[in-house]
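Throughout, protein chains are lettered first and strands after them, A, B, ... in sequence-line order, and every chain is numbered starting at 1.
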Amino acid sequence: MEVVFKIHRFDPSKDVSPYYKQYKITIDKGTTVLEALLYIKERLDNSLAIRYSCRMGICGSCGMRINGIPMLACKTQVSMLKSNIILIEPLSNNPIIKDLVTNFSNLFAKHKMIKPYIIRKDSELDNPTREYLQKPNEFFNILQFALCIKCGLCWSACPISSDNRYLGPFVLAQAYRYISDSRDDGYNERFDIIDSPHGCWRCHFAGSCSQVCPRGVDPALAIQLLKKSITTTKLGLKKIKTAAPVAPPLTEVTRKLDVPQPPPRTVFKNQRDSTNER
Amino acid sequence: MSITETKKHAVASYPKRYNLERYMFFIQRATGIFLVSYFYIHIFIYNQRIDAALWASIKTAFGNPTMYPMSFIFVTAIMIHGANGLRLILTQLGFFIGKPKLPVYPYPPSSIGKAERVILFILISVAIILIIVALGEFLFFIR
């Protein structure tokens, strides 16, 4: 199958304005867009700049707009697009470094602002002794948002993100992920950043972020839940959360009567041990 | 294999696959701008010192059948903006958007899932029915 790739090209050091360059190549049934781009880079035009790493939708480096929709190039098969002309553009709302590579530093700075880590009032994090207790339902409450790979597709799809001061879908989703974590105690520290005109209230629920998310994170859901949380807090209806306690020390462990003894060791720490054992 | 360069990209035959809510967002914006502009013009006119002659001219202007489509557009904008606004209030308070869950491929998002679509269609249908009623009224006046 012959496909024309119409690729956005722009080198700020040389070009005055962006332009599109067409490459006609033959692809197989399962060829992904990333594979096609690498083919173009290796065989046709080595000046093409692409960012990629894992090639399997884990690292989130190869995000780009494919036929106008933000997607991961490594997860998108050319045959799925059902078009003989594939338009490849960099993610929108980010400054372009070169061709399809955009600058994420603004996004990562915003991510840092919402303190994406567990905050505790006690000193357990500084001097850890044991693990925190977390129930399975509490874990599943945050798991969906913890799967975010920070690929920036949601930021590119969001119609509000042209406002550079807006925190953005994935940053707010991460804020919700830490706020709703049963082990976290930092709701008040993050509250002012999220409850600002450029925080979660800037979202108007277009829902595109959730539609394009390659990991099913559903940032729109997280943002609406943040709004709900802030509203209930302001109305004084929110239950005051106490951070999960540290697991108590293990008491004397006794083997159940019906559990058999383990077989003898077959792997030893070193030869000396094994010789002694034998 | 061939390489060609163009300054502008032609419109490719690729599908526009953004979700319905995104189009509703743009409609909400457009109707919002229209209604706010209308509101300011309305306040400006009614803030003038109205004497009998001016009042008569306003009555004549608004009594003119050519103004009816304007009024109809105004009612339509209010209905659509109101219906979609109500959906947004409900969803932003956490209704009809589902709960966090373990994502399973192909990752259908629950925030723009079935419940949210149903409430969107119900509210927009109510708005459309009211618009049709309003259209009937305007047609009656024109006659």
Worked verdict on A:D218 versus B:Y107 for side-chain contact (heavy atoms from CB on, under 4.5 Å): CA-CA 9 Å; A:D218 205 348; B:Y107 312 129; over 6 Å; no
From B:L102 atom CG to A:L147 atom CG, the distance as rounded to the nearest 0.5 Å: 7.5 Å
Gap separating the NZ atom of A:K228 from the CD1 atom of B:I97, nearest 0.5 angstrom: 7.5 Å
Proximal component of B:F26, with respect to chain A [non-hydrogen, under 4.5 Å]: side chain
Heavy atoms of other groups near A:K241 NZ, more than 12 under 6.0 Å: yes
Test item: A:L221 and B:P109 side chains (from C-beta on) under 4.5 Å apart, heavy atoms: no
Heavy-atom contact with chain B under 4.5 Å, split by part of A:C203: backbone
Region of A:A157 that comes under 4.5 Å of a non-hydrogen atom in chain B: both
Which portion of A:L226 sits near chain B, non-hydrogen atoms under 4.5 angstrom: neither
Heavy-atom side-chain contact between A:F205 and B:I112 under 4.5 Å: yes
CZ (A:R165) with more than 12 external heavy atoms under 6.0 Å: no
Per-residue contact mode, A:I142 against chain B (heavy atom under 4.5 angstrom): neither
Approximate separation, where rounding is to 0.5 Å, of B:I89 CD1 and A:T231 OG1: 11.0 Å
Side chain A:Q211, main chain B:N19, donor-acceptor under 3.5 Å: yes
Which atom of A:P159 lies closest to which atom of B:R22, heavy atoms considered: CD-NH1, 3.5 Å
Chain B contact via A:F5 - which portion, at a heavy-atom distance below 4.5 Å: neither
B:L88 side, atom CG; A:Q224 side, atom CD - distance, nearest 0.5 Å: 8.5 Å
A:H204 and its side chain to side chain contact (heavy atoms under 4.5 Å, CB included) partner, picked from B:E21, B:Q28, B:R29: B:R29
Under 4.5 Å from any heavy atom of chain B - which part of A:P219: neither
A:K75 NZ: over 12 foreign heavy atoms closer than 6.0 Å: yes
Contact origin within A:V212 toward chain B - heavy atom pairs under 4.5 Å: side chain
Exam field: side chain A:Q144 to backbone B:K101, donor-acceptor pair closer than 3.5 Å: yes
A:M1 CE: over 12 foreign heavy atoms closer than 6.0 Å: yes
A:P70 to B:Y18 - nearest heavy-atom pair and separation: CD-OH, 3.0 Å
